[in-house]
Amino acid sequence: MSGAPIQFRWDGEAMIPASQFWAKKADQEFVVGEVYKLVEHHDRSGASHNHYFASVQNGFDNLPDHMRSEYPTSEHLRKKALIRTGYRDERDIVLPTKADAERVAAFVRPMDEYAIVVPVNCVVRVWTAKTQKKSAMDAREFQASKQDVLDFIDDLLGVERGSSAANSARAA
């Protein structure tokens, strides 16, 4: 199953695909006679999405110079904040020696400029940010990740939580 939401209309007795397009998708995804659990999907708001990126930019604009090497762009800041707050994919590569781990880490680092790649003894730990695309995160998960990232940025800047978001809202 793809996990992409299919639009249905409740007619008082059954969930009916909202159009022929959605009926075809449902026919591709589901088996007649099987029992499925239904969960409501909430689309996220464009305003919330835009506010988030403006807030990240505001936080980036206020970074002190000594943090610019770790966060050279607002995208670096956002993705590393996602990783640091747990919205990440983790991979461990186990190697025979510590020297091998350091060589592999050096090889892997350029593959994703936003990833955190750390050799730990004989293991290379690779953390990459989860995508926040609408197709990958529903409204609830996006809101949680948004809040965690903005709190991370405020903590990084040493300001009261909510400051970056409030300041970006005032600037809009």
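If you're wondering where the values come from, they're calculated on a predicted model, not measured in any experiment. The chain is numbered in sequence order, starting from 1. Heavy-atom basis, side chains included; hydrogens, waters and symmetry copies ignored.
Under the 4.5 Å side-chain contact rule for hydrophobic residues, V120 and W127 share a cluster. Follow the hydrophobic side-chain contacts under 4.5 Å out from V118 and you never reach M111; the two are in separate clusters. No continuous path of hydrophobic side-chain contacts links I16 to I6 [ILVMFWY only; heavy atoms under 4.5 Å]. Hydrophobic cluster membership differs between L82 and V126, with clusters built from Ile, Leu, Val, Met, Phe, Trp and Tyr side chains linked at under 4.5 angstrom.
A 4.5 Å side-chain heavy-atom check between Y52 and V149 finds at least one atom pair inside the cut-off. Residues P119 and V104 have side chains not in contact (no heavy-atom distance under 4.5 Å, counting atoms from C-beta outward).
Every side chain to side chain donor-acceptor pair (under 3.5 Å) that Q147 has, sequence neighbours left out, goes to D151. Evaluation of the side chain to side chain donor-acceptor pair (under 3.5 Å) rule for D65 yields no partner, not counting sequence neighbours. Remark: P110 pairs with no residue by the side chain to side chain contact (heavy atoms under 4.5 Å, CB included) rule, at least two apart or across chains.
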Test side chain to side chain contact (heavy atoms under 4.5 Å, CB included) applied to F107 and V117, step by step: CA-CA 10 Å; F107 177 76; V117 180; over 6 Å; no
Run the side chain to side chain contact (heavy atoms under 4.5 Å, CB included) test on L156 and D154 for me, step by step, so that the C-alpha distance in whole Å, both residues' side-chain angles and the decisive distance to 0.1 Å come before the verdict. CA-CA 5 Å; L156 190 66; D154 287 341; over 6 Å; no
Taking it one step at a time, do M137 and T131 satisfy side chain to side chain contact (heavy atoms under 4.5 Å, CB included)? CA-CA 8 Å; M137 275 191 185; T131 181; over 6 Å; no
Run the side chain to side chain contact (heavy atoms under 4.5 Å, CB included) check on I83 and K130 step by step: do they pass? CA-CA 8 Å; I83 291 167; K130 285 196 175 194; over 6 Å; no
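In this model, no donor atom of one side chain and acceptor atom of the other lie less than 3.5 Å apart for Q132 and Y87. For the residue pair S19 / Q7, no side-chain donor-acceptor distance below 3.5 Å is found, with atom types taken as modelled. In the model, T128 has a side-chain atom that pairs as donor or acceptor with a side-chain atom of R91 under 3.5 Å.
For Q20, the CD atom sits in a loose shell: 12 or fewer heavy atoms of surrounding residues, nucleotides or ligands are nearer than 6.0 Å.
Proximity of a side-chain donor or acceptor of S163 to a complementary backbone N or O of V159 within less than 3.5 Å is not detected. Between the side chain of N121 and the main chain of V123, no donor-acceptor pair closer than 3.5 Å is present. Of the possible polar contacts, one joining the Y36 side chain to the V31 backbone as a donor-acceptor pair under 3.5 Å is found. A donor-acceptor pair under 3.5 Å links the side-chain atoms of H51 to the main chain of A165, judged by distance alone. K146 places no side-chain N or O within 3.5 Å of a backbone atom of H49 that could act as its donor or acceptor partner.
The two atoms that bring S164 and G59 nearest to each other are OG-CA, 4.0 Å, heavy atoms only. Across S69 and H66, no two heavy atoms sit closer than the pair OG-O, 4.2 Å. Scanning all heavy atoms of the two residues, the minimum distance from A101 to L95 falls at CA-CD1, 3.4 Å. Among all heavy-atom pairs drawn from P17 and R9, the shortest one is O-NH1, 4.4 Å.
Note that the NZ atom of K79 and the CD1 atom of I116 stand 12.5 Å from one another [nearest 0.5 Å]. Taking CD of E70 as the reference point, atom CG of L77 lies at 9.5 Å (rounded to 0.5 Å). Considering CZ of R78 and CD of E75, their distance stands at 4.0 Å, rounded to 0.5 Å. In this structure, CD1 on I153 lies 8.0 Å from CG on L63, to the nearest 0.5 angstrom. Put simply, NE2 on H76 and CE on M67 are 16.0 Å apart, with the number rounded to the nearest 0.5 Å. In this structure, F53 CZ and S74 OG are separated by 8.5 Å, a value rounded to the nearest 0.5 Å.
A salt bridge links R125 and D92; the closest N-O separation between the charged side-chain nitrogens and carboxylate oxygens is under 4.0 Å. Using a 4.0 Å cut-off between charged side-chain N and carboxylate O, R103 and D100 make a salt bridge.
Taking the six-membered ring where the residue is Trp, F8 and F30 present tilted rings, their angle falling between 30° and 60°.
The cationic group of R68 lies under 6.0 Å from the six-membered ring centre of F60 and within 45° of the ring axis, placing it in a cation-pi geometry.
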